[in-house]
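Chain naming here is simple, since letters A, B, ... match the order of the sequence lines and numbering starts at 1 in each. Heavy-atom basis, side chains included; hydrogens, waters and symmetry copies ignored.
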Amino acid sequence: MYREFKHLNLPAIDAEILQFWEDEKIFDRSVEQRDPANSFVFYEGPPSANGKPGIHHVMARTVKDIFCRYQTLKGHRVERKGGWDTHGLPIELQVEKELGITKEDIGKKITVEEYNAACRATVMRYKDLWDDITRRMGYWVDLDNPYITFENDYIESCWWLLKRLYDKKTASGESFLYKGFTIQPFSPAAGTGLSSHELNMPGTYKEVTDFSVVAMFRVKRDDQAGFLFDNTDEDVRILAWTTTPWTLPSNVALTVGPNIGYAKVKTLNPYTGAPVSVVLAQDRLSAYFNTEDENKPFDEFKVGDKKLPYQVVKTNIKGSQLTGVRFEQLLPTPAASTPELEARAFRVITGDFVTTEDGTGVVHTAPYFGADDFRACKAAGVPYIGLPNPKAPDMPFPLVDRTGRFVDEVPHFGGRFVKEEYYTEGERKAPDFKPTDLLIALHLKESGKAFKIEKYKHPYPHCWRTDKPVLYYPLDSWFIRASAAKERMAELNKTINWKPASTGTGRFGQWLENLQDWNLSRSRYWGVPLPIWRTEDGEEEKCIGSVEELQKEMEKANAALGLSQQVPADLHRPYMDEIVLVSPSGKPMRRELDLIDVWFDSGAMPYAQWHYPFENQEKWKRNFPADFIAEGVDQTRGWFYTLHAIGVMCFDSVAFKNVVSNGLVLDKNANKMSKRLGNVVDPFETIDTYGADATRWYMISNAAPWENLKFDAQGIVESRNKFFGTLFNTYNFFALYANLDGFKMDEFNVLPYDRRTELDRWIISKLYSLVAEVREAFDDYEPTRACRAIEDFVDEHLSNWYVRLSRRRFWKGEMGEDKLAAYQTLFECLMVVGQLAAPVAPFFADWLYRNLTAPVKNTAKAKNTPLRHDSVHLSDLVQPDPSKVDEALEKRMDYAQRICSLALSIRKKERLRVRLPLQKLLLPVLDASFQAEVEAVKALILAEINVKELEYITDASGLLKKSAKANFKTLGAKLGKDMKDMANLIAAFDNEQINALEKTGSLELTVNDNAYTLTPDDLLVSTEDLPGWKTASDGALTVALDVHLTDELLAEGTARDLVNRIQNIRKEKDFNVTDRVVITLEKHPAVLPAVALFQDYIKGETLATDLVLTDKFKGDKVELNDEVQLGIEVSLN
RNA sequence: AGGGCUAUAGCUCAGUUGGUUAGAGCGCUACACUGAUAAUGUAGAGGUCUCCAGUUCAAAUCUGGAUAGCCCUACCA
């Protein structure tokens, strides 16, 4: 027996199937039964279990699950090792919040050991919730043996990779892992560097008003600058704007855009009235000069005047021409002066970041206090300015110390805080208090070096902890020289199949093009310690690549330094910090205190998850690179990048071949989900209510995964009702009648397709077209296309056409070949649809498969046939089979569907109910093949629309009036401008002209004196309404209906109405579909002709043994039509 | 600020290499159909294809620009 159900209950199906999967270990078996040599490699991007799973995780994991299940169905072995991301700042911040401490308290109020223990205890906090959602949503991943990034084995693999980078050298001999300087956000008030994460916290960027200055840099006259001077004593100055005057003492260069045009302008110093020539970008002239003042006499100007006379003396000076021009230092600090600085600094350099949107088109460049500045100086070989650093002469100490004050050696401003916010409230309220920026501006004004001083409002980052402004400040960091591999990364990136492609070429590709070195250092506590030990003078260092190597080095150190160290049981801080190694020259070496960026952890997972290369070398070889990964698009520069970067730099290989980057899950109004807005969707609740499959199906079918999903539970309801509801009903229908007829699928007695009906062969053809389409879509990582195709098939074709038109075959008569064909056909459709849907709807698909196969499971197992599997997920995906696809058949069935639809629309318009038979349908035919095609599906059409006969109207009948429309596609190219006129000409064609063209195959026409030859393809011919008939048309297809009624037709219509009412009564009374009944009808004139002519028909349809007419009817009456109320009684025989 | 994605009916989305009535589902209205129905059919209402300009005989589609939303990156002086 096939199981039958009252209603669709998806959550109940989830529960049943989940239990079954667990009892029978279906996931394990689905992996184990496949050949390791035929693997499909998937990498799981590790989630962090210190947060609760959200609905977006369901989305991301559905995408992962779909392709893993699909590849499994295709016969691949798809191992899915789960993983947990356990390090990183968010975890530390959470712990600090819960303990009520700040970073500064670590090592003081709490030991590093205790702190890290707290982190370790936190990271798996919500593991249970994660395990639960994983299970309930049907995501198959191996969480029994996950990789965990804090485990020693994992850390050791990371070290191994780092060492590999340390040993790897560029062509010029530079290591891929090096220590360097960068300009990083730094909070002097908190005394700490800030991560970009901290800078991205809400509220860090605030609108502030700063004193901005346009400073005047005096050009030194030499060969290079000669062209800027008209005479020897001319005072030429370059204008540069800054919103941070405190950086001016650290200025070493001016940066211009190489392709920007600059102008030299003769004018006066607005504050002193002294004649001066200034250089600035042409495009910026209007910002500083008013054209009304151009060429006005200079001697009329008085200091304080608003109108500044000027004269443009030179234009179109390219930035590149200015390169190398030297200028006098603006605010010299004698203590910082060196011969090196005098020789190579204070000159104009170029940078592509320069714009002319504001300022002067010249950027004041202070390398220690701006990342762009730093890079520009580095590239141009301009030295940095600061107090002498004996250990590193090219890295002098900045002129601002780590508390945010100018060092004492800076004239006029030594000891002052550079930002007024660093002073106490009291100090700032003092009557004579002036911010340092203002003091600098005034100083410049007095010394004739300021061109313009004004307040400027702009957003500026603030420290989230102290609320004080952040400085950009030079800090030591360890870097991975990613920039040296960027060409190779870009090259290999082109071999990756990105979904969507634009993420690969756009967001990711452009990121690679502008790749900077990877700043690996984090001055934190809970993470992978950087395995580098250095002597105190930095002269000697050692990078450790394994625990064994560490052990050996420690033994060496123990011997040399008389210690008794042992490799700690935990490779985290603080234990690693305590280890002292010995350098080749015998000096002690201590670990660089940095941790590495957690993104390195996750990018290392292809290797570290297997503890490669210390274990599993073979396994790793088989599992690298991944065939497929998927994650949110926000990971493009996160996980996707780190995987790629490590893969390319360490193994000269991509790390993944196909990648799906899914979009965000927003609420239904396209707002981001946040606790604050209270619009967060609880995934557990959603799955409980609607079932996992409906949720998954909705998410995937609604829009492509890489689009943002506007999550609306109403959409899940729609998926549930429309797709699952329909499929469920179709199955239930099958089960109901199969049980009545005792039908069981017999794989050894399958009726050949050529002995099945047209309709059977049609749905089989549609089914195998679907198989091809769905496989193609999944192969192409287009799950949405697959879902929509399946949905369309189930709804439009299977349920609404095949089942609807076949119903009679299932309930009428005894089991015979036709009935068998119907059962076998429907069975095959359900079976295959279940398989195709299985990747997306794993629960329902398995439920369907198991219901369909249960009655034959034992036989199938015994005989080893395709239905033997315990689960659809253990089965082999049906192969595409072109021999089962009959395009001509699909085409003529399409005609049938359209003709029916048209005929029904006429009935609707004429208010002729479908139960009322009509005599004739007229069909104008335009060509013989059309007629032949329709003839093959004629019976279907007539039955569906309840019409007795079909008559074709040809040209010969004289009834047919054709009309033609131009085929723009074929004609457009050859006609060009004459197209419109030709279209009008063709629209006016009559039958003869159309027929003439069709007969001879060509027609000469002249339009606007140009001669053209038309072919039949250039016309789109259709028929016009037949006068005197009720017609409807759809494109080239027109049908006409004979609406003339006879007594007999009316009687038959009434008979069918009676059948319908009687059937309804049977249903109401809950009779079994096989029960025999006796019908008593009220003797009413309206039904007499029907009973007289169609008594046998009525009895046959309703399984009535007797039909009695009576004058004295008692009991309830039934509405037969608008006018007639009729007494009908149906009782069991 | 830069880069990326998106913009089509009230809502969710299709829309082939540009081709002439811009579609589907949901929702709404009305009428049908049903011996599977949490279904279905037919009809109606509902569109400045975000805006502007360009290319073209022809633009939802191609190009440029603008606007809005979102994502990523970012001290632009």
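- Across all strands shown, B:U17 forms no Watson-Crick or G-U wobble pair with both distances under 3.5 Å.
- Rounded to a whole angstrom, the distance from the C1' atom of B:A68 to that of B:C75 is 28 Å.
- Here the separation of B:G19 from B:A39, taken at their C1' atoms, is 39 Å to the nearest Å.
- Between A:Lys710 and B:C13, a side-chain N or O to OP1/OP2 separation shorter than 4.0 Å is present.
- Toward the 5′ end of RNA chain B lies the nearest nucleotide of A:Val803, the other residue of the pair A:Glu796 and A:Val803 mapping further downstream.
- There is a side-chain donor-acceptor pair under 3.5 Å between A:Thr244 and A:Thr247.
- At a threshold of 4.0 angstrom between heavy atoms, the contacts of A:Glu707 are confined to the sugar-phosphate backbone, with no base atom among them.
- The base-pairing partner of B:C70, taking Watson-Crick or G-U wobble contacts with both distances under 3.5 Å, is B:G4.
- Atom name C1', nucleotides B:A24 and B:G15: the rounded distance is 10 Å, in whole Å.
- Nearest-nucleotide assignment on RNA chain B puts the 5′-proximal partner with A:Arg1056, out of A:Arg1056 and A:Thr244.
- Taking atom P in both B:C49 and B:A32, one finds a spacing of 37 Å when rounded to whole Å.
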I would like to know whether A:Leu798 and A:Leu826 meet side-chain contact (heavy atoms from CB on, under 4.5 Å); could you show each step before the answer?
-> CA-CA 8 Å; A:Leu798 186 62; A:Leu826 185 53; 3.9 Å; yes

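- Residue contacts shown for A:Asp712 are absent, as no nucleic acid heavy atom lies under 4.0 Å away.
- For the C1' atom pair drawn from B:C51 and B:G69, the interatomic distance equals 16 Å after rounding to whole Å.
- Nucleic acid contact for A:Asn729: base, since at least one base atom lies under 4.0 Å from a heavy atom of the residue.
- Side-chain atoms of A:Asn493 come within 3.5 Å of backbone N or O of A:Gly504 as a donor-acceptor pair.
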Kindly list each side-chain donor-acceptor pair under 3.5 angstrom involving residues 732-740 of chain A, sequence neighbours excluded, with atom names and distances?
unit_1, atom_1, unit_2, atom_2, d
A:Asn732, OD1, A:Phe5, N, 3.0
A:Asn732, ND2, A:Phe5, O, 2.5
A:Asn739, OD1, A:Tyr2, N, 2.8
A:Asn739, ND2, A:Tyr2, O, 2.7
A:Asn739, ND2, A:Glu4, OE2, 2.7
A:Asn739, ND2, A:Ala735, O, 3.1

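- For A:Pro461, counting side-chain heavy atoms from C-beta on, the closest listed nucleotide (B:C26, B:C13, B:C75) is B:C75.
- As judged by a 4.0 angstrom heavy-atom cut-off over every strand, A:Gly715 is placed among residues making no nucleic acid contact.
- A sub-4.0 Å separation between OP1 or OP2 of B:U21 and a side-chain N or O of A:Lys965 is present.
- Across B:A59 and B:U17, the matching C1' atoms stand 14 Å from one another, rounded to whole Å.
- Using a 4.0 Å heavy-atom distance criterion, A:Gln1063 is classed as a base contact.
- When the C1' atom is compared between B:U29 and B:G10, the two are found 15 Å apart, to the nearest whole Å.
- Across all strands shown, A:Ala371 has heavy atoms under 4.0 Å from base atoms, whether or not it also approaches the sugar-phosphate.
- Using a 4.0 Å heavy-atom criterion, one finds that A:Leu736 contacts no nucleic acid atom at all.
- For the pair A:Tyr731 and B:A36, the criterion of a side-chain N or O lying under 4.0 Å from OP1 or OP2 is not met.
- Across all strands, A:Arg907 comes closer than 4.0 Å to no nucleic acid atom at all (heavy-atom distances).
- Contact between the side-chain N/O atoms of A:Asn702 and the OP1/OP2 oxygens of B:C13 is found at a separation under 4.0 Å.
- A:Leu904 comes within 4.0 angstrom of sugar-phosphate atoms only, judged by non-hydrogen atoms across all strands, and of no base.
- If you take atom P in B:C13 and the same atom in B:A7, they sit 10 Å apart, rounded to whole Å.
- Atom-to-atom, CG of A:Asp792 to P of B:G23 comes out at 17 Å; the value is rounded to the nearest Å.
- Using a 4.0 Å heavy-atom distance criterion, A:Asp372 is classed as a base contact.
- In terms of modelled atom types and a separation under 3.5 Å, the side chain of A:Arg1066 and the main chain of A:Asp1075 share a donor-acceptor contact.
- Within 4.0 Å of A:Thr247, counting heavy atoms only, lies no atom of the nucleic acid at all.
- Residue A:Gly725 is out of contact with every strand shown, counting any heavy-atom pair closer than 4.0 Å.
- Between A:Phe374 and A:Tyr472, a ring centre-to-centre spacing not shorter than 6.0 Å is recorded.
- A:Tyr737 comes within 4.0 angstrom of sugar-phosphate atoms only, judged by non-hydrogen atoms across all strands, and of no base.
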